[in-house]
Protein chains: 2
Amino acid sequence: MTIPPIDENARQQARQRQGRLTKPAGSLGRLEQLSIDLAGMTGQLSPPLGHRVVFTLAADHGVATEGVSAYPREVTAQMVLNFLAGGAAINVLARLFGARVVVADLGVDSDLPSHPQLRSLRVRRGTASITQGPAMSVEEALEAIDHGRQLVLDEIEHGLDVALTGDMGIGNTTASAALICALTQLDPKDVVGRGTGVDDAGLERKRDAVRKALLVNAERIEVGPVEALAAVGGLEIAGLAGVIIEAATQRRPVLIDGFISAAAALTAARMAPAATGYMIASHRSQELGHAAALRELGLKPLFDLDLRLGEGTGAVLALPLLDAAVRTLNDMATFDEAGVSDRETDAAHNRPHN
Amino acid sequence: MTIPPIDENARQQARQRQGRLTKPAGSLGRLEQLSIDLAGMTGQLSPPLGHRVVFTLAADHGVATEGVSAYPREVTAQMVLNFLAGGAAINVLARLFGARVVVADLGVDSDLPSHPQLRSLRVRRGTASITQGPAMSVEEALEAIDHGRQLVLDEIEHGLDVALTGDMGIGNTTASAALICALTQLDPKDVVGRGTGVDDAGLERKRDAVRKALLVNAERIEVGPVEALAAVGGLEIAGLAGVIIEAATQRRPVLIDGFISAAAALTAARMAPAATGYMIASHRSQELGHAAALRELGLKPLFDLDLRLGEGTGAVLALPLLDAAVRTLNDMATFDEAGVSDRETDAAHNRPHN
């Protein structure tokens, strides 16, 4: 995969324009940086943002039957139907902020009806339990990654300006925690959290499951990121890694959602380090290991609203900030245009104002 | 002033509905709390949010000539003209998020042309320097407060669902810091910050100015919040206190912008403690004392984007979160509607899933 380099010239132009706008330099804080980052990714100071697509990928996890989740495994399929009916949080938020939701089944372990809005890309019916051996084969992981890449390519044909990652899969905070530990030197006690809300005993079971998964898959994990993904990851996580890599390849900014998306982003970054240049971390979730995963990626989340829902909800909530960053950079008057004094001008004219 | 109590019944209804929506309980984090708070303020689970008005109030400050700002004093008037021309950050963001901007001159010390979009409510041409004595008389402060209240009443006639505070006034971070110190037991070293960006020497001058202001006005400050406002505050700050009090009186949620707005909110809260129930802190700014002022108000900001611009920009950026909170509460499917299993149901049926 060839990911194009960031456009340093566009970044420089955006930075210079920020300095001429009618506001104290730097006073729009992270919006200024965001406008510069978006210019670098797209090569444009005013990149289009209208075609925004949330890729909400679903799959089941063998480990889900081992008491690691507060919810029964069939909720994965039930929530896919909820997405298709438009009743989930991601649907409501996507409608509000003008995003399309692409729902894809990468490996749900229930029969799902065919539906015009459902992309059926099932690699297998759920993963095997990571506590017993590999979640899937390396070939299956690569197939799921390819499906994710193809989803992006298909959307490019309809217009795709910003890609957003989302997930659904009962048990997937366990797989994501294992994968993040596998790809970093982080300890499970610093990464495994309560997911959708397990109690203390459930949390202990999750930690044990992750430790066991890392032990039983130790040799596979050492081979490389795809092998680690196959060993302890999940099918939706693999698909999301593909979404991220292809979005970067196409020079599209990609808004990373929460903990599961961070695991996918870390995998994508290990496979293709240049992909990180196209990532924007939307939020920091409540999930224990999310902040650590973002630090590993070198990403600083835009906000922290104590979310822990997934589906792409945090990513969609960041869309207004992208709009705000691009519109302020492009639509604000400059000091010259508005006849407003800036500091430098006054210093040059030797006025006694400071 | 009579501020209606928060509707605890509506809060309870909103809280109960949050628990039935197809998501783990609490997983939408602060959006859930926001939807409950908005229900309590308005008495409605689905309050209208379409008519959103930013009250951007401008005034000059006598202390601005004492080297406390990085910008010359005439920038206040220049920026008012920029607001009227639609070229400032607040205009761009208000257009993006569907808000109206009401620009009012509460006490600019420059001649301003009459303009259909400018409310001329000038109490006096800027304040006197707070380092020499009171900024204004108590009567002038009360007049500015009344102007702010009347601005809200005028907008109610055109439809007003959410009020947002904004400010413009070179030197007003100095006045706001002095006022926050006067209304609390906070020390100037913990409250005075760099404002639009003064250097170290400027910061020292600001601290000295605030200390001097608190000393020379010590007796006035002790009398009460309006007297403190008159002594060390500003005309736009007084107007914003009026905006906040009247919005609360009318049961309209009021989005508090940054540091200057926090000083106004603190004044409003001291005058009418029940007003705090209608306040939503949009963001925490870079300004040193902002977090402390919000703590005094018992408000937790929704986000921190390192903003330090004022004008109402932070408040406007919070509007999408209000929309998101209300729409998820009202438009998401419940577990029953969607046929999704929730934990309690499964426990009752004794399924072996957890």
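Numbers restart at 1 for each chain; the letters A, B, ... are given by sequence-line order, proteins then strands.
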Nearest heavy atoms of A/Leu317 and B/Leu31, plus distance in Å
CD1-CD1, 3.8 Å
Within a radius of less than 6.0 Å around CZ of A/Arg52, do more than 12 heavy atoms belonging to other residues, nucleotides or ligands occur?
yes
Side-chain donor-acceptor contact under 3.5 Å, A/Gln78 with B/Ser341
yes
Using every non-hydrogen atom in the two residues, find where A/Leu307 and B/Leu28 come nearest and quote the distance to one decimal.
CD2-O, 3.3 Å
Would you mind checking which part of A/Asp323 comes under 4.5 Å of any heavy atom in chain B, side chain (CB onward), backbone (N, CA, C, O), both or neither?
both
Checking heavy atoms, do the side chain of B/Leu96, its backbone, both or neither come under 4.5 Å from chain A?
side chain
Where does A/Leu305 contact chain B at under 4.5 Å (heavy atoms): side chain, backbone, both or neither?
both
Structural part of A/Leu321 lying under 4.5 Å from a heavy atom of chain B:
side chain
Starting at OG1 of B/Thr196, measure out to NZ of A/Lys23 and round the result to the nearest 0.5 Å.
12.5 Å
In short, B/Asn82 meets A/Ala338 closest at the heavy-atom pair OD1-CB, 3.6 Å
B/Tyr71 to A/Pro24 - nearest heavy-atom pair and separation:
OH-CA, 3.2 Å
When B/Val92, B/Leu93, B/Leu34, B/Thr313 are compared by non-hydrogen pairs under 4.5 Å with chain A, the top option
B/Val92
Out of B/Ala333, B/Gly26, B/Ser27, B/Gly87, return the one with the most heavy atom pairs under 4.5 angstrom to chain A.
B/Ser27
Please give me the minimum heavy-atom distance between B/Thr22 and A/Met79, naming the atom from each residue.
O-CE, 3.8 Å
About how many Å separate CD1 of B/Ile90 and OG1 of A/Thr328, when rounded to the nearest 0.5 Å?
11.5 Å
Exercise: identify the closest heavy-atom pair between A/Ala25 and B/Arg308
O-NH2, 2.8 Å
The interface call for A/Ala85 against chain B, heavy-atom contacts under 4.5 Å, is neither
